[in-house]
Amino acid sequence: MMRMNYYPPCPEPEKVNGLTNHSDPSALTILLQLNEQHGLQIRKDGMWVPVKPLPNAFIVNVGDILEIITNGTYRSVEHRATVNCEKERLSFATFYSPREDAVIGPSPPLITDQTPPQFKSIRVHQYFKDFFARKLEGKSNRDNMKIEHPN
Ligand SMILES: O=C(O)CCC(=O)C(=O)O
Ligand SMILES: [Fe+2]
């Protein structure tokens, strides 16, 4: 799936979100910041860190599916987009995910007594149906896939 994002300039940029904080539901996202305008930020240790646009460079984001398949070893990155008052910003995201009839869940070789499955297994089609039915909000999609362990 591909998405083009257009963020018009805004006279009061601190009052709006360009794109609310979220992690991508995909396995991997390849992102191009088209016109080299700042705006993308990632959450690291609770802080929002700007990602500087580099000419002719892609950004590769780990998405929730990769977090689920690796049973939490690779963690999806929470990110958001801000707007600025001078110039429009454009980005182009390509989302990579397994085919619709595949089942995603923690990879069996990664499951041991010490590392029980952290996530449910689900068909990709249902996973995206659930994703689009919910509000985009932080890592809520990943959280929704978690299983509770009685310890
Ligand atoms: O505009 C950006 O840099 C981020 C876009 C994004 O996070 C998305 O399309 O999922
Ligand atoms: Fe995103």
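Note: hydrogens, waters and symmetry copies are ignored here, and every other heavy atom, side chains too, is used. First listed ligand is number 1; within each ligand, the first listed atom is number 1. Just so we're clear, the structure is a prediction, and the values are computed from it rather than from any experiment.
- When only interatomic distances are considered, the shortest N/O to N/O separation between Asn5 and ligand 1 falls below 3.5 Å.
- The minimum distance between the Fe ion (ligand 2) and any N, O or S atom of Asp24 involves atom OD1.
- Residue contacts with ligand 1, taken as heavy atom pairs separated by less than 4.0 Å, do not involve Phe92 at all.
- When hydrophobic clusters are built by joining Ile, Leu, Val, Met, Phe, Trp and Tyr residues whose side-chain heavy atoms come closer than 4.5 Å, directly or via intermediates, Val62 is grouped together with Leu32.
- Among protein heavy atoms, the minimum distance from atom 2 (C) of ligand 1 is reached at Ser91 OG, 3.4 Å.
- Two residues are said to be in side-chain contact when any heavy atoms from C-beta on lie closer than 4.5 Å; Asn35 and Glu88 meet this criterion.
- Protein heavy atom nearest atom 6 (C) of ligand 1, with residue, atom name and distance: Leu19 CD2, 3.4 Å.
- Side chains of Asn141 and Arg134: a donor on one and an acceptor on the other come within 3.5 Å.
- In His79, the part holding a heavy atom less than 4.0 Å from any atom of ligand 1 is the side chain.
- Closest to atom 8 (C) of ligand 1, if we only count protein heavy atoms, is Arg3 NH2, 3.2 Å.
- Each of the atoms 1 (O), 2 (C), 4 (C), 5 (C) of ligand 1 lies under 4.0 Å from some heavy atom of Tyr7.
- The shortest heavy-atom distance from Arg80 to ligand 1 is not under 4.0 Å.
- Here the N, O or S atom of His22 that is nearest to the Fe ion (ligand 2) is NE2.
- Atoms of ligand 1 found under 4.0 Å from any heavy atom of Leu31 (numbered from 1 in listed order, with element): 3 (O).
- Within the 3.5 Å criterion, the main-chain N or O of Gln41 finds no donor-acceptor partner in the side chain of Thr82.
- Of the possible polar contacts, none joining the His79 side chain to the Arg43 backbone as a donor-acceptor pair under 3.5 Å is found.
- Remark: ligand 1 atoms within the under-4.0 Å shell around heavy atoms of Arg89 are 1 (O), 2 (C), 3 (O).
- Note on Tyr7 and Val16: same hydrophobic cluster, where clusters join Ile, Leu, Val, Met, Phe, Trp and Tyr whose side-chain heavy atoms are under 4.5 Å apart, directly or indirectly.
- Judged by distance alone, the side chains of Lys135 and Ser140 never bring a donor and an acceptor atom under 3.5 Å apart.
- The two atoms that bring Ser26 and Ser97 nearest to each other are CA-OG, 3.5 Å, heavy atoms only.
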